[in-house]
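Encoded as structure tokens, the structure appears first; notes follow it.
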Amino acid sequence: MTDLPAGWTVTDPEDKHYGTYVLRHHGVPMAGISLRSSVTSASGPVAGRWEWRGLSGAGEMAPWVEEGFDDFDDAVAAAVERLSTGLWTIEQVAEYLGAASTGSARKTLHRLGVAAVGRGPGRAGKSLYDSQKVRAAREAAPGQGHRTDLDA
């Protein structure tokens, strides 16, 4: 398998012939990668068409499906590319916004009308935000000192 970016891991399925590999980002399950119409041997899949599906940790991208990959690594790379640009933790949002704290970033997101699209697993799971919505809301914001009450 090709090298994954920092924070990304793939867990092997229990059944190598028919199981789903799970792609995780900092422990959050983001996508399931599975083989469709496969030819297998005793050592595992040999040929077939790979697909990846967004999992609940991927927020609004959960129903996302991409099919038709000839190679497992290609399916993993496509999933990482699609998902890595899509979701940010509140720490990443705060850094992008230049906020002094994560609390300030949350207040800014609330003011801009951006809600979390998912959460990491467990009680300590962090909220995940769609980076495109964060960027779009920030670009559409009127700016410091703008008198929105005077807008027609």
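The first residue in the sequence is number 1, and the count goes up from there. A quick note: this is a predicted structure, and the numbers were derived from the prediction, not measured.
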**OP:** Taking all non-hydrogen atoms of both residues into account, name the closest pair between V117 and D130 and its distance.
**Re:** CG2-N, 4.0 Å
Original post:
Any side-chain heavy-atom pair from I90 and K126 closer than 4.5 angstrom?
Top reply: no
**OP:** To the nearest 0.5 Å, tell me how far L97 CG sits from L109 CG.
**Re:** 6.0 Å
Subject >> Closest non-hydrogen atom pair between T89 and Y129, with its separation >> reply: C-CD1, 4.4 Å
Original post:
What's the verdict on side-chain contact (heavy atoms from CB on, under 4.5 Å) for V76 and W52, showing C-alpha distance, side-chain angles and the deciding distance?
Top reply: CA-CA 8 Å; V76 171; W52 72 269; over 6 Å; no
**OP:** Measure across T20 and G32 and return the closest heavy-atom pair with its distance rounded to 0.1 Å.
**Re:** CG2-CA, 3.6 Å
Subject >> Any residue meeting side chain to side chain contact (heavy atoms under 4.5 Å, CB included) with E95, in chain and number order, not counting sequence neighbours >> reply: none
Subject >> Minimum heavy-atom distance A105-A99, with the two atoms named >> reply: N-CB, 3.9 Å
Original post:
Do the ring planes of Y21 and F72 sit parallel (below 30°), tilted (30 to 60°) or perpendicular (above 60°)?
Top reply: tilted
**OP:** With rounding to the nearest 0.5 Å, note down the distance linking CG in L23 to OG1 in T9.
**Re:** 7.0 Å
**OP:** Kindly give the heavy-atom pair with the smallest separation between V114 and K133, and that separation in Å.
**Re:** CG2-O, 3.9 Å
Subject >> Residue pairs, two or more places apart or on separate chains, that pass salt bridge (charged side-chain N to carboxylate O under 4.0 Å, His left out) and touch residues 104-113 >> reply: none
